[in-house]
Amino acid sequence: MNIILLGAPGSGKGTQAEMLSKTYGIPHVSTGDILREEVMKGTPLGEKVKTYMNRGELVPDELVIEILKNRLQEPDCKKGFILDGFPRTLKQAKALDVILSEVGLKIDAVVYIDVADEEIIRRLSLRRTCKSCGRVYNLYYNPPKHDEKCDVCGGKLFIRDDDRPEVVEKRLKVFNEETRPLIEYYEGKKLLIRVNGMNPIDKVFQQIVEKLGLERK
Ligand code: AMP
C-alpha cells in the first residue's frame, strides 16, 4: 500500500502517518523529519535548507525530490510507504509519478485531512516536539504526562521554530497557494479520499482506515 497524506501543517498528517505505519507495518516517510534531522546534525544539506524552514518557506523542489527519491529506494519501502509532507507542489507530484513509474509502482490513495485555518493556528501554538526523539505532543489534545518532558524518552519538549505564530501564518499561505492545487490533481486521478480532520485523533484514524478499505493486521 502506497499512501500520500495531504493536509495543512498541523492537520495531523504526522500523527495519522505514525498510527498507519504501526498498524500496517509500512514506513512513515516524512520529508520534514528528514530535513530537520539534517539541520540538527549540521550537515551541508541541513545548512542549505535551514533558512527556508525557519521562514516557513518550501525547500526548493530539486532538493526534496532528490531526498525523497533516495529514501524510496531504501529496502523498507519495498512493502509500501506512507508519505507525509511530500508532495507539496505540482512539480513534486509530477516528479513522484515519474519516480514511481520508473520502478513500476503507483500511489494507491491520497488522504486529504481537512482542517479549518483557525483550528490549525490554535493547534500549532500548542504543539510541542521532543528534542531527543522527535515525538509530537499537543498541550490540549494529547499532552505529555509530565510538563515539558517526553513520555517516551524523557527528552526536553520544545516549540519548533516554524511553529511560531508569524511563521505559521506564512506556512498556511504556502499551503493554500502551492499545495492545495494537489487536491484537484489527485481528484482528477480518482485517488483522493477526504477525511474530516476536525474530529479527535482516533476518529480521524478510523475514518481513514474505513475509507481506505484496509484490513487491520
Ligand atoms: P513539515 O514537518 O512537513 O511541516 O515540514 C517542515 C518544513 O520542511 C516545511 O515548512 C518546509 O520548509 C520543509 N519541507 C518539508 N517537506 C517539504 C517538501 N515536500 N517540499 C518543500 N519543503 C518541504
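Atom set for the values below is all heavy atoms of this structure, side chains included, hydrogens, waters and symmetry mates excluded. Atoms within each ligand, like the ligands themselves, are counted from 1 in listed order.
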Side-chain (Arg88) to main-chain (Gly85) donor-acceptor, under 3.5 angstrom: yes
For the student: nearest non-hydrogen atoms of Val59 and Val64, plus distance: O-CG2, 3.9 Å
Shortest reach to atom 7 (C) of ligand 1 by a heavy atom, considering only Met53, Arg55, Lys170, Lys13: Met53
Side-chain donor-acceptor pair present, Thr89, Glu178, cut-off under 3.5 Å: no
Separation of Leu124 CG from Glu169 CD (nearest 0.5 Å): 12.0 Å
Nearest-contact summary for atom 16 (N) of ligand 1 - protein heavy atom, Å: Thr31 OG1, 2.8 Å
More than 12 heavy atoms from other groups under 6.0 Å of CD on Glu37: no
Distance-only N or O hit between ligand 1 and Val59, under 3.5 Å: yes
Ligand 1 contact on Asp61 by region, counting heavy-atom pairs under 4.0 Å: neither
Nitrogen or oxygen of Glu57 less than 3.5 angstrom from that of ligand 1: yes
Side chains of Asp97 and Tyr185, donor plus acceptor under 3.5 Å: yes
Heteroatom distance test (Asp84, ligand 1): nitrogen or oxygen, under 3.5 angstrom: no
Backbone N/O of Thr51 and side chain of Glu57: donor-acceptor pair under 3.5 Å: no
Part of Val64 within contact of ligand 1 (heavy atoms, under 4.0 Å): side chain
Residue list, side chain to side chain contact (heavy atoms under 4.5 Å, CB included) with Glu184, at least two apart or on another chain: none
From the candidates Thr179, Leu35, Val167, Val49, the one that places a heavy atom nearest atom 14 (N) of ligand 1: Leu35
Asp162 neighbourhood, listing ligand 1 atoms whose heavy-atom distance to it stays under 4.0 Å: 6 (C)
Selected option - heavy-atom contact closest to atom 2 (O) of ligand 1, from Arg88, Glu178, Arg36, Gln92: Arg36
Enumerated ligand 1 atoms positioned under 4.0 Å from heavy atoms of Arg160: 1 (P), 2 (O), 4 (O), 6 (C)
In one Ile/Leu/Val/Met/Phe/Trp/Tyr side-chain cluster, 4.5 Å: Phe86, Tyr112: yes
Atoms in ligand 1 flagged as close to Arg171, the criterion being non-hydrogen separation under 4.0 Å: 4 (O)
Pro9 N/O to ligand 1 N/O under 3.5 Å: no
